[in-house]
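Source: prediction; values computed, not measured. Below, each value reflects all heavy atoms present in this structure, side chains not excepted, and no hydrogens, waters or symmetry copies. Residue numbers start from 1 in every chain, and the chains themselves are labelled A, B, ... in the order their sequence lines are given, proteins ahead of strands.
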Amino acid sequence: MKIAVIVFPGSNCDRDTQWALERSGLGTDLVWHTQGNLEGYSAVFLPGGFSYGDYLRAGALAKFSPVMAEVKRLADRGYPVVGICNGFQALTEAGLLPGALLANTNLHYTCKEVLVRVERDDLPFTSVYQPKQILRLPIAHGEGRYYADEETLERLEEGRQVVLRYVEHQGQGGNPNGSLADIAGIVNERGNVLGMMPHPERAVEDVLGSVDGQGLFESLKRALEIVA
Amino acid sequence: MEETLTPISTSAEAMLKETGIPPQEYREIVRRMGREPNRLELYLFKVMWSEHCSYKNSRPLLRMLPKEGPAVLQGPGENAGVVDIGEGYAVAFKIESHNHPSAVEPVQGAATGVGGIIRDIMAMGARPIALLNSLRFGKLEGHEGQRTRYLVGGVVGGIAHYGNAIGIPTVAGEVYFHPDYQENPLVNAMCVGLLRTDELKKSRASLGRPVYYAGAKTGRDGIGGAAFASEELSENNEAKRPNVQVGDPFLGKLLMEGTLEAIQRDLVEGVQDMGAAGLTSSLSEMAHKSGLGLELNLDQVPQRETGMNPLELMLSESQERMVFVPRPGKEKELEALFAHYGLDCVPVAQVIQEPVFRIKAGGEVVAEVPTDALADAPTYTREMQESPEVQSLRSKDLSALPIPADLAPILPQLLSSPNLCSRTPVFERYDQQVGTNTALVPGKGDAAILRIKGTGRAIAVKVDANPRYSKLHPRLGAMHALAEAARNVSVVGGRPLAYTDGLNCGNPETPHGYYELSETISGLAEASRALGIPVVSGNVSLYNEGPSYRIPPTPMVGVVGLLENLEKRAEQGFKKAGEFIVLIGEPLGELGASEYLWVTQKLEAGNPPRLDLGREAKTQAAIRELIYLDLTRTAHDVAEGGLAVALAEMTFPYSVGATVEIREQDRPDALLFGEAPSRILFTVNQAKLHEATRLLELSGLKYRILGQTGGSELTVLLPRTQLKWGVNELKSVWEAPLREVLP
Amino acid sequence: MKFHATILIELKEGILDPQGRAVEGVLKGLNYPVEHVRVGRVLEMELEAKSEAEAKETALSIAKALANPVMEVYTLEALKALQEVG
Amino acid sequence: MKFHATILIELKEGILDPQGRAVEGVLKGLNYPVEHVRVGRVLEMELEAKSEAEAKETALSIAKALANPVMEVYTLEALKALQEVG
Ligand SMILES: Nc1ncnc2c1ncn2[C@@H]1O[C@H](COP(=O)(O)OP(=O)(O)O)[C@@H](O)[C@H]1O
Ligand SMILES: [Mg+2]
C-alpha cells in the first residue's frame, strides 16, 4: 500500500507531507510531475508550495503537468486524492474540484493558525474526528479565498461537499482570507477528492504546536486498510 | 608626492574616470600585471577591489575577531561558516547585506538578497532550513514617513516573495526604526543550512577539471552592482543605476534541489555560488583558493539577451546561477541532473596550471590577469576620530531629568512605539513553518528553535543589534549586540556555538566612519572573547550614508545555539496562573540610550548601559541550566523598554497577567523602563522555587522573586505607588502600530 | 510568418477584485476622478503562424488555456504581423 | 463626460520576467510556437473628464503614478467615451 506525493516544479511541502504520512505508517513515494503512470498507488497527495512559482495564478500552470491526467484517472476511479494548499489550487484549476481560489482579501500571503470546523466526519479523510470537531491548523497562502458561483455553492452545500469551515471560537480564529461561506476545504460529489487550504501536515506533533492534523492521516490509513 | 610617480597615459586616465579607480590603485594594478590593463581587465579590478568583494577597509580590522572554537568546522573565508551540532550533523550559516539594491527597488532588492544568501549556504553543501532578516528603516512619521512605509512594505514583501516560494521558513529577525536610516535603509538576510558533516563542500577546483555553469541564463542584470554597492547613494547614482536584478524563486528552487542532489550523489568536488560580481568573483576566487588558474570561454556562457559583450557578461549579476566542478567521469550525470530540472548546466571554463584568470571570447583572449592580483586587493588602515556630536550626546548629564508624575500612561506609550510594538504584521507574511522543523515560531520566544529531524536535538537562532547603543558608543554597542543575540538564544535553552556578523557602517574614508567601523569590530572582538563565542562568517557593508544622514554603526549579530535535548526549551509567554516570577539581575536599569528617553523626550543621549561580560556569561549559563533541569519553561530577557515592557511582553502570548512588587527606592522610571543587560525573567512553580533560587545563589548571581503570574491585569507595586494595566488593553495598543503600516 | 499577440486575462464582472479596490482607493486618495478600477493580466508574445487567421486561432487557444473560466474572461487585445528581419 | 481607460503596465525590455519565462516554458511544452512571452498588468477604469484630451491626460498621469519607474513602462492601450446612461 503506497501513496504518491506528487512533486511539481516549485512544490515545497512535498517532504513535509511525506514525513507526516510516513509517521502515520503510510508508505510513500515522491513522484515527479512528468510521471505518466500512477498504477499501483492507493492514494495521491498534491502537496503545498508554489508549483511553477504560482506564476499567472496559484496552481494555474500545474494543470499542464503530464501527471495530472493520471491523477484525474485515479480520481475518476474513486481513489483518494488530497490537495493541500497549492494542491487544492491545482485541483480546482484542473477541474477536479469546483470553484477557484482567489487572492486573499488582505492581498498578502498570510501564515498563521486558524480554527476550522469538521463539517463531515464520514469521509475517508475525516472519520476519526468527532462530529463538528474544531481543529487548530496553520494556513500559509496568498490565494486562498474560495470562490464559486451561486449554483455551484448551493450544490456544494446540498451535496454536503463542504468539509472544513473557518470558524471563530472564543474570540479566536475567523475567516482569514474572505472565502465564500467560510470554506476552508471541500470534496467532490463522490467524496474521494479533497482540497483544503490549511496544512494538516504541519500539525502532527506537539513540537509543531498542534496535533489536530494527525486525524486526517489516521482516517486515511484506516480507509486504505479497509480497502486493502 | 603624486607627481613624482610614473605618469598615467591619457587613454588610461579616461578609463580611470570611467571606472572611478583611484590613480594609486591603478599604479598598483600596472605593477602587478607588469603592463597597462585593457578596459575589461580594469573592470575586473574595479569589481574585485570594490569594498564589497575585497573588504579593503575592513580586512585588517576583521583580523581582531576570534575565529576558533570547539564546534567550528569552517570559519570565515568560505561561502559560509560551519559548526558541528553533533550526531553527524553540522549547520552552515551566514548573513549578507542587500542595502543599496533594496533602497533602489525594495521588493527585488530584498528578494535577491534572500536568494543570494541561500546560494551561499547551498555552496557549502547544506540544505537551507531557516531564514532570518534584520531590517532598519527611517522615520514612520511625517512626510519622510511615506517613503519609509513604501520601503517597509516592499522589503517585507520581497523577503516573503522569495523565502515563501522557495520553501525555506523565515523564523526570526528584527525591525528597527531610526531617523538616521532615512536615506540608507538596511536589509540584511541570514540563512542557516543543515548538512551531514561528511558532505561539507568548498569552493575548490583541481587541475585540468572543467568548470560548469548551472542555472539561469546571463542577462544585463545589475551590471556593476557589486561596485554600485560600495558607493554612497547620491544623486549621480541615478545615472549609474544598473538594470534592476529580478529574483526568480521558482528557478531558485529548482537550482537548489539540483545542487543539493548533485552534492548528495557526490557528483561534484567543488561548488561556488555566483553572487555579487557574478562570473568575475565566483570564478577568479575559486581559482585563487585552489592556487591555480582558470580559462573561461565566454562563448559557452548561456545568454538571455543577444549581443552581450565580454564586459557585460563578466559584470552581470543575473540571479540563480551556480558554479560546479564535477568529479572526474561525473560530467554527464551532472548535466543530466540539471536537464531533469530544466536548467542549463554547461562547461564554461577549464582549470589551468598557470595562476592566471584568462578570458576568451570569439576564440581570442580578451583578458588575462594573475589570480592573486585580483584576489588580494590592497588594504587600508585609515585615521580615525570620534564625531564630536556623538561625544557631546553621550556625555549629556541625565541625572537632572524630571521624573514623570504619572507613570501609568508611559507603558502603553512605549509598547506602541515603532521599535517595541508587535512584529506580527511583518512575520505573518512569512512562511514560518515550511519544513516542519520550527519548534518555536516568531513571537513566541526571543529566538527561533528548529528541531533537527532524526535526532533529539535542535538549534536556536537570533539576530540582534541596537543602533542607539552603537550610535552613542560604537564599541559598547557592538558588545551589547553579541551579548543580546546570545542571551536571546540562551533564554530559549540554546547554548551559543558561534555567530555571523553583518557590519553596516558609514563611509570608512572619513575619520568618523572609520572610527565607528574600527570601534565596532574591536568591541565585537572583546565580547567574542569574553563570552567564548567565535565568528564563523559575516559581511561588511560600508558607505551607508547619504547627503544628510550617516547610519549609526549597525553590527547585526546572528547567533546559532544548540539544544542537546529538544524537550528542554523555554518560550516567552506566561502560561498559567500561580507561578512565581523571578528576575535574574536587579530591577534598576539605566536611562542612557534607552527607548524610554527617546519615546518620552525624543532624547537620544547618555551612555548605553554598562555591560559586565563575566556576569553576562554566568547569567546566560544559569538560565540554560534552569531550563535544562526542567525548573522553568518560561523565560524572557529584559531588553529595550526595561522591566515593565518585558513583563508586558510575557503576558501577551496567552493573555495571562501578573502581579509584581519592586521595593527599591530609586527613581521609578529607571526601575520600570531603564535598560540593562544580563537580566532575565523566568517563571517557576512553588515546588521548584527553592531549587531554582539555590541554583542562582550557587552561581553567585543576584536575583529577585518579583511576584506571581495570574489574572487579566499586569500590576506593579512600587514603594509609593501601585500601577495597573489590563493585559488586553496593553495588547491592543501593542498590536496596532505596524498593522497600520502593513495592513 | 511571425505575429505579435496581446492577450488580456481579467476577472469577470461581479467578482470581488480587492486589488482593483486597493488601487482605486489609492487613486481616489490622490483625487483622481476614477471608478470601477479592475486589475488584470496582460500577456505579450510572439508566435509563428502561416496566416493571420491561424495566428488568431493559436492566440485564442493560448488565451483559453491560460484563463480560468470560473472567474476570468480573456480577450485577444491585439494581433499584428511582424516583418521578418532577414 | 465619462471615459473608459485601459492601461498596460509592463516590465521594461531587458528586465528579467520570471513569470513570462515560466508561462513560455509551459506553452512550449504544449507545442505552441511562441517566443518572448511577457506578463504584465492591465488596469481598466472609468474616469470623469471634460474632454477626450483631459481624459487622456488623466489616464496617462494615473499610469505614471502606478508604474514603478525603476522597472516598468506604461501605455494607454485604449480610451473611449461612454454615453451617460439616463
Ligand atoms: N564581518 C565579518 N566577520 C567575519 N567574517 C566575515 C565578515 N565579513 C565577511 N566575512 C567572511 O569573508 C568571506 C567573504 O565574504 P563575502 O564576500 O560576503 O562572501 P560571499 O562572497 O560568499 O557573499 C565570507 O567567508 C564571510 O563569511
Ligand atoms: Mg558566496
State, with a plain yes or no, whether a side-chain heavy atom of L251(B) is found less than 4.5 Å away from one of P18(D).
no
Does any part of the side chain of V244(B), heavy atoms only, come nearer than 4.5 Å to the side chain of K12(D), both counted from C-beta?
no
In terms of heavy-atom contacts, E105(B) and V70(D) come closest through CG-CG1, 4.1 Å
Closest non-hydrogen contact found for I15(D) with V246(B) is CG2-CG2, 3.6 Å
Could you give the distance from CZ (F250(B)) to CD (Q19(D)), rounded to the nearest 0.5 Å?
11.5 Å
Distance (rounded to the nearest 0.5 Å) between E320(B) CD and L16(D) CG
7.5 Å
Using heavy-atom distances under 4.5 Å, tell me whether N68(D) contacts chain B through its side chain, its backbone, both, or neither.
side chain
Heavy-atom count around K28(D) NZ within 6.0 Å, excluding the residue itself: above 12?
yes
Applying a strict 4.5 Å limit to non-hydrogen atoms, the region of Q319(B) in contact with chain D is neither
Quick one: does R21(D)'s side chain have a donor or acceptor within less than 3.5 Å of a partner on D248(B)'s backbone?
no
